[in-house]
Amino acid sequence: MTTEVIDVPERGRYEIKDEEGTAGYSEYILTEGLLTLTHTEIDPAREGRGLGGRLVRGALDDARSRGLAVLPLCPFVKAWIGRHPDYADLVHRAPRG
């Protein structure tokens, strides 16, 4: 299955597309230097194909290439990062004071 993750800034989300069209999305809020991922959804008819993971990986790879920290408010994104520690360095850490 061929997929593509694209940033759709006017909608505030990343979308994953496959041969059938848009399969899901991950909503975000972008502020200076920080990408807050708030909600991820995959079309129920397409669940179980690994699309959610590919979507999150694509969004995080884009954040890394842009030098953005990530705040994973979405439970799916947070759990995905927990299973892929090579992305943990992207997670925003609040300053200790």
Side-chain angles (χ1 to χ4, degrees):
M1 172 186 340
T2 302
T3 60
E4 178 183 21
V5 175
I6 59 168
D7 182 11
V8 186
E10 63 274 10
R11 298 187 78 183
R13 66 190 206 177
Y14 288 91
E15 295 180 352
I16 186 163
K17 298 187 180 275
D18 63 13
E19 299 85 13
E20 300 172 44
T22 302
Y25 60 87
S26 189
E27 295 177 336
Y28 67 79
I29 299 167
L30 180 62
T31 54
E32 189 171 331
L34 183 64
L35 181 71
T36 302
L37 294 163
T38 59
H39 176 74
T40 301
E41 196 167 312
I42 297 296
D43 176 358
R46 296 181 182 150
E47 288 179 356
R49 301 182 192 176
L51 294 170
R54 285 184 224 163
L55 172 58
V56 171
R57 184 182 302 275
L60 296 177
D61 286 346
D62 184 58
R64 186 184 306 279
S65 74
R66 295 166 60 186
L68 299 172
V70 173
L71 182 58
L73 297 183
C74 170
F76 182 83
V77 174
K78 189 173 186 175
W80 192 93
I81 291 171
R83 291 187 310 273
H84 298 86
D86 48 321
Y87 285 89
D89 64 303
L90 291 174
V91 177
H92 173 71
R93 308 278 184 231
R96 296 179 185 223

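Here the structure is a predicted model, which means the values were calculated and not measured. Side chains included, hydrogens not; waters and symmetry mates left out as well; all remaining heavy atoms used.
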Counterpart residues, salt bridge (charged side-chain N to carboxylate O under 4.0 Å, His left out), relative to D61 (two or more places apart):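 Counting only residues at least two positions away or on another chain, D61 forms no salt bridge (charged side-chain N to carboxylate O under 4.0 Å, His left out).
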Cluster companions of Y25 among Ile, Leu, Val, Met, Phe, Trp, Tyr (side-chain spacing under 4.5 Å):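 ILVMFWY cluster around Y25 holds nothing else.
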Which residues satisfy the side-chain hydrogen bond (donor to acceptor under 3.5 Å, both in side chains) test with [X], sequence neighbours excluded?
X   : result
D7  : Y28, R66
R13 : E15
T3  : none
E4  : none

Partner set under ring-ring contact (aromatic ring centres under 6.0 Å, His included) for Y87, not counting sequence neighbours: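 Applying ring-ring contact (aromatic ring centres under 6.0 Å, His included) to Y87 gives W80.
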Any pair counted as salt bridge (Lys or Arg N to Asp or Glu O under 4.0 Å), so long as it reaches residues 67-92, sequence neighbours left out: R64-D89
Residues D62, V5; criterion side chain to side chain contact (heavy atoms under 4.5 Å, CB included); working and verdict: CA-CA 9 Å; D62 184 58; V5 175; over 6 Å; no
Note, V77 side chain near S26 side chain (heavy atom, < 4.5 Å):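 Answer yes - side chains close enough.
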Side chain to side chain, I81 and L90, heavy atoms closer than 4.5 Å: no
Ignoring hydrogens and angles, write down the donor-acceptor pairs under 3.5 Å from the side chains of residues 47-55, residues two or more places apart or on other chains.
residue : atom : partner : partner atom : Å
R49     : NH1  : E20     : OE2          : 3.4
R54     : NH2  : R49     : O            : 3.1

Distance (rounded to the nearest 0.5 Å) between I29 CD1 and L71 CG: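 CG of L71 is found 9.0 Å from CD1 of I29.
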To check you understand the geometry: which heavy-atom pair defines the closest contact between [X] and [Y], and what is its length?
X   : Y   : result
A63 : V70 : CB-CG2, 3.8 Å
D18 : A23 : OD2-CB, 4.0 Å
Y14 : A59 : CD1-CB, 3.6 Å

side-chain contact (heavy atoms from CB on, under 4.5 Å) against E32, all qualifying residues, sequence neighbours excluded: none
Partner set under side-chain contact (heavy atoms from CB on, under 4.5 Å) for A69, not counting sequence neighbours: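 A69 satisfies side-chain contact (heavy atoms from CB on, under 4.5 Å) with L34, H92 once adjacent residues are dropped.
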Inter- and intrachain pairs under ring pair (Phe, Tyr, Trp, His ring centres under 6.0 Å), touching residues 40-62, at least two apart: none
